[in-house]
Amino acid sequence: MEISSKYSPSDVEGKWYQYWLDNKLFSSKPDGREPYTVVIPPPNVTGVLHMGHVLNETIQDILVRHARMEGKNACWVPGTDHASIATEAKVVNRLAEQGIKKADLTREEFLKHAWAWTEEHGGIILKQLRKLGCSCDWDRTAFTMDGPRSESVIKVFVDLYRKGLIYRGVRMVNWDPKALTALSDEEVIYKEEHTKLYYMKYYLADSAPVSVAEDDGNVVHHDDRGYYAVVATTRPETIMGDVAMCINPKDPKNQWLKGRKVIVPVVGRVIPVIEDEYVDIEFGTGCLKVTPAHDVNDYMLGEKYNLEAIDIFNDDATLSDRIATAQQKSLAETKVSNDYVIGLEKYVGMERFACRKQIAEDMVAAGLMEKIEDYDNKIGCSERTGVPIEPKLSMQWFLKMQHMADIALDPVMNDDIQFYPAKYKNTYRHWLENIKDWCISRQLWWGHRIPAWYLPTGGFVVAENEEEALTLAREKSGNADLQLADLRQDEDALDTWFSSWLWPISLFDGIRNPGNEEISYYYPTADLVTGPDIIFFWVARMIMAGYEYEKKMPFRHVYFTGIVRDKLGRKMSKSLGNSPDPLDLIERFGADGVRMGMMLSAPAGNDILFDESLCEQGRNFNNKIWNAFRLVKGWQVADGEQPEAAKLAAGWFAAKLRLAAEELADDFSKYRLSEALMTVYKLFWDEFSSWYLEMIKPAYVDGKQQPIDRATYDITLQFFEILLKMMHPFMPFITEELWQALYERQPGESIMRAELHMEASTGYDHLLCAAVDELKEIVTNVRAVRSQKNIAPKEKLTLEVVDAADLRPLPEGGVEALKKMANLEVVNVVSEKSKGSASFLVGTAEYAVPLGNLIDLDAERKKLEAELQRIEGFLVSVQKKLANERFVQNAPAAVVEMERKKQADAEQKIAALRESLAAL
RNA sequence: GGGCGCUUAGCUCAGCUGGUUCAGAGCGUCUGCCUUACAAGCAGAGGGUCAGCGGUUCGAAUCCGUUAGCGCCCACCA
């Protein structure tokens, strides 16, 4: 049957994936073998596969398949994340398209929509992972909001609360005015922006004299309305919440303001000037406006000096009507001239940035603005919605982090848990050493609802379920008649990461059933593969939870991948449209080709510049493997003597295989997967296809291909099988396809379960290896002669081996191999090479190809002279080194010996070259 | 503002504990080939002042210092 010369991935990939599923080859159960566990970083349940996933999941699959072939009980657990804020936003958007407002729905109604959406879009990404070839144990598929996981989350919340590690309180938090929820510090990203710095006039509130001596350093501002201080701010709208002005007591510029009162412009509120060394004397004018409700530092000052906090915003960051009320109240208390005041009613309901613009204009018009400058500022924005966050005082739940940091730092620093690359240890340590409490409550519905119930009489109880809550509430209130209906459960949900941090434990039910068989067997997991962008969100917190609940690390190694960028170095993103669709790539290049393309340039921790041409290279490699297989399986086999050349080739390739296997093991142990792939790539393409197969390939006689001898055929199939096994983790589909076709296989057998131990029979012979490498070099030289002289490959040549005293005889079969590979008529050993031949050196031995009248004497001479000059130069440098007494004395004996050998070799080569030149 | 990392061929990167002809690999480029496994291929070739400067050393791509450029992380200068 004719087999196509082109490999067609789409014909085989689906077939083998189904075969693997049908035969339960991905599934794992605890047994006596060493476990190898990987938990997938759960993608968003409603997400779709992008290039970042392709990178990440390919790496995991390579590691898992490799471990499985090492005979370990490999278990890769898949699952998805409910992605609280992201999913809720998507559902809200979809409802909006249908004209439904979230505010008009009850919690239950909304959740019904959210679950519908989850069922509709959920799991798509898991289906896509199958196309990639991922060998996950699908029976274990989990979801962060499924039953067991949810129960685990609640259990942990209650436990931590009872340990006193979770508390509830009013704090300044990061408020996302678009998502209408609090965020953790980690969810705030800072963006550089060009903004303005506004210098505003705060007039003295009284007419008491300002006494300032000349040259005492005071900087006093004065105009026809009176004396004033200047305050610089990037957020003029927040003056509506000003309750004090603060100066540094050591600031010579502002001594005159001590103990005075000033008028907040526009607002008309009279506020005190307080003193605190927090204020930077160098910044702006050294006068700081204090707005405790809208700035973290001002909040701290407010607490310290017992200042009122006036919240000027609604939750969506429009201006609240409180600003007007506060203004009326303060104006009633203190009579302030209308010169300084504008009614704040006009700003009520305005969006914050519109208000900023408006109020700045109004101040300029009213002469209350000293000046406006351009200013570059960093603005904290919501990681999810992108809008600038608003520091906001609110009641939230927090997890105390100091204890968590204490248990999580050492294991990483002393390498119980190893990071690849190790540089992230620093990042990790820095974060833990400066850790702050984790705000875990979100004003969202999609997520795990906080298990706290409020009593009608005030106070609350924390419980695993309603029954327990009721019991506790009755105890707490002393009211035995209390009913569930009297209790009100907290409306908030938990941060998504509060469930993901349990992932390696909750997947094996270690929270609900501590010490069960699964958790005891599979935990700690082996490797975690993830991006460095979630080192704090997820990696660090899993380590905390791991030590808190299992007293052990959750994983032994963390492999941090880079970011996938396009070839111009831009991050792949939807908005740029520079991200290819992985499924489309798989369609065009095959999953194996895409996996390989991804891995070809993916060193751990470095960003990878992805280019489709890499997938093309992967596809081409698949095709190469395919064709090598076609060649080998196309041979007729006959009993007969094994040619010496084939015997030589087999001995040599066995040695190469052994070397490559060692290299591969080393690469894997260091997580250098790109290097490992390159190792097998070169092994298969260069050594096996270009050299080994060419050396053993039976010749054509009279247009008829000769059969191959049994011994060579058998060993070649063995080599092929080992090669397939080495390549399988990277390219699972084609290797399975060919492995199945290589020999008769039993139903249910798979390369997946074939162990990658090097057969004991493959010997390892250094001398043989070196001898063949030398043969290869001779062949290359002859081919170069051909190429330079434009001699057709079909034309047979003669090779002369110029006899020399130390010339080592060619190995058994060497001559035969040379003749075949270089297409030689004959190999002669001569004492002097023929006139008119092209010569070259391999090692210190000289070879010549007689060319008759084809030889270009001038060119030949030039070539030899150039070579001679190079070696002479080299000799000089070696001699210089050896003449240096300090070198000979200080360098290790072996190094000196090496130099002596170099010298001797060079001298010998020079002699040979001189002879050749003379002969011309 | 603090910390970390990077700079090696046209591109993407290896190069470990300083020492082998150590200056490498893959891709791309150039030249010649449809040679009965493969043109998604075969054979051959060219290509680098290891970012600059200084130091340590018998010896530096490798260690130290410094300058420049780039990148990342952290931070409450309004």
Side-chain angles (χ1 to χ4, degrees), chain A residues 3 5-7 190 197 231-235 238 246 278-280 282-284 287-291 295-300 375 377-378 380 391 421 423-427 430-431 434 532-533 535-536 563 567 569 589 593 600-603 605-609 611 613-614 616-635 670 672 674-675 677-679 681-682 689-690 693-694 697 700 703-705 779-780 783-788 790 792-794 823 870-871 874 877-878 881 884-892 894-896 898-899 901-902 905-906:
Chain A
I3 313 172
S5 70
K6 299 272 185 285
Y7 170 60
Y190 288 87
L197 193 55
V231 173
T233 184
T234 53
R235 305 196 57 190
T238 61
C246 191
Y278 159 74
V279 177
D280 182 354
E282 301 306 318
F283 188 90
C287 295
L288 173 74
K289 64 195 245 358
V290 182
T291 321
D295 183 280
V296 181
N297 303 300
D298 292 11
Y299 175 68
M300 287 175 339
Y375 188 67
N377 199 12
K378 287 217 168 143
K423 64 177 175 183
Y424 290 112
K425 279 167 77 173
N426 281 329
T427 310
H430 185 261
W431 186 69
N434 297 282
D533 50 331
I535 186 170
F536 309 134
I563 294 167
K567 64 177 167 183
F589 301 108
L600 273 172
S601 64
N606 280 11
D607 286 358
I608 83 152
L609 302 191
D611 184 5
S613 70
L614 292 169
E616 203 175 313
Q617 194 185 342
R619 180 200 60 181
N620 294 356
F621 185 46
N622 281 335
N623 202 234
K624 185 74 187 174
I625 301 167
W626 177 257
N627 277 292
F629 184 83
R630 274 208 313 149
L631 172 71
V632 172
K633 286 303 267 190
W635 286 329
K670 294 174 176 141
R672 297 161 62 126
S674 301
E675 281 87 347
L677 176 58
M678 194 43 73
T679 298
Y681 179 79
K682 287 191 284 191
S689 298
S690 297
L693 289 180
E694 294 299 334
K697 195 152 120 184
Y700 274 79
K704 236 188 89 184
Q705 192 182 35
V779 171
T780 300
R783 285 173 177 168
V785 169
R786 256 184 216 286
S787 184
Q788 281 153 23
N790 259 320
K794 278 183 175 165
N823 194 24
R870 193 180 67 83
I871 298 186
F874 174 67
S877 78
V878 173
K881 215 184 243 187
N884 183 342
E885 268 179 48
R886 285 186 300 180
F887 169 72
V888 179
Q889 274 169 18
N890 294 329
V895 173
V896 176
M898 191 68 72
E899 292 300 316
K901 171 111 177 23
K902 280 192 218 165
D905 284 358

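In what follows, chains carry the letters A, B, and so on, assigned in the order in which the sequence lines appear, proteins first and then strands, with residues in each chain numbered from 1. Basis for what follows: all heavy atoms, side chains included, without hydrogens, waters or symmetry-related copies.
Contact annotation for A:N823: no contact, since no heavy-atom pair falls under 4.0 Å across all strands. Nucleic acid contact for A:Y299: none, since no nucleic acid atom lies under 4.0 Å from a heavy atom of the residue. Within 4.0 Å (heavy atoms only), A:R672 reaches sugar-phosphate atoms of the nucleic acid but no base atom.
What separates CE of A:M300 from C1' of B:A75 is a distance of 13 Å, to the nearest Å. Between A:Q617 atom CD and B:G28 atom P there is a gap of 7 Å when expressed in whole angstrom units. Between the P atom of B:C42 and the NZ atom of A:K624 lies a distance of 4 Å, rounded to the nearest Å. Atom C1' of nucleotide B:C77 and atom NZ of A:K289 are separated by 14 Å, given to the nearest angstrom. For the pair A:I535 CD1 and B:G3 P, the interatomic distance rounds to 19 Å; values are reported in whole Å. Distance, A:I563 CD1 to B:C70 C1': 15 Å, rounded to whole Å.
You'll find that the side chain of A:L631 is closest to B:A37, out of B:A25, B:A37, B:C38. For A:E694, the side-chain atoms get nearest to B:C38 when compared with the rest of B:C38, B:A78, B:G26. With distances taken from any side-chain atom of A:L693 to the nucleotides B:A37, B:A78, B:U35, the minimum falls on B:A37. Residue A:F536 has its side chain nearest to B:C74 when only B:C74, B:U12, B:C77 are considered. Among the nucleotides B:A75, B:A37, B:G26, the one closest to any side-chain atom of A:K378 is B:A75. Comparing B:A14, B:C74, B:C38 by their nearest atom to the side chain of A:H430 picks out B:C74. Residue A:A891 places its side chain closer to B:G19 than to any other of B:C76, B:G19, B:C38.
For A:A784 and A:N426, each mapped to the nucleotide of RNA chain B holding its nearest heavy atom, the one lying further toward the 5' end belongs to A:N426.
Judged by distance alone, with hydrogens and angles left aside, the side-chain atoms of A:S787 form no donor-acceptor pair with the main-chain N or O of A:R783 at under 3.5 Å.
Contact between the side-chain N/O atoms of A:N627 and the OP1/OP2 oxygens of B:A40 is not found at any separation under 4.0 Å. Considering only side-chain N and O atoms, A:Y278 lies nowhere under 4.0 angstrom from the phosphate OP1 or OP2 of B:A78. The phosphate of B:G3 has neither OP1 nor OP2 within less than 4.0 Å of any side-chain N or O from A:T427. The phosphate of B:C33 (OP1 or OP2) has no side-chain N or O of A:N790 nearer than 4.0 angstrom. Neither OP1 nor OP2 of B:G41 sits under 4.0 Å from any side-chain N or O of A:R630. When the side-chain nitrogen and oxygen atoms of A:K697 are compared with OP1 and OP2 of B:A37, one or more of them lie within a distance under 4.0 Å.
For the residue pair A:N622/A:R619, the side-chain donor-acceptor check at 3.5 Å is not satisfied. In summary, the side chains of A:K289 and A:T238 do present a donor paired with an acceptor at a separation below 3.5 Å, with no hydrogens or angles considered.
Atom OG1 in A:T234 sits 14.5 Å away from atom NZ in A:K378 (nearest 0.5 Å).
Taking atom P on both B:C64 and B:C4, the two are 13 Å apart, rounded to the nearest angstrom.
Side-chain N/O atoms of A:R619 and base N/O atoms of B:A40 include a donor-acceptor pair closer than 3.5 Å.
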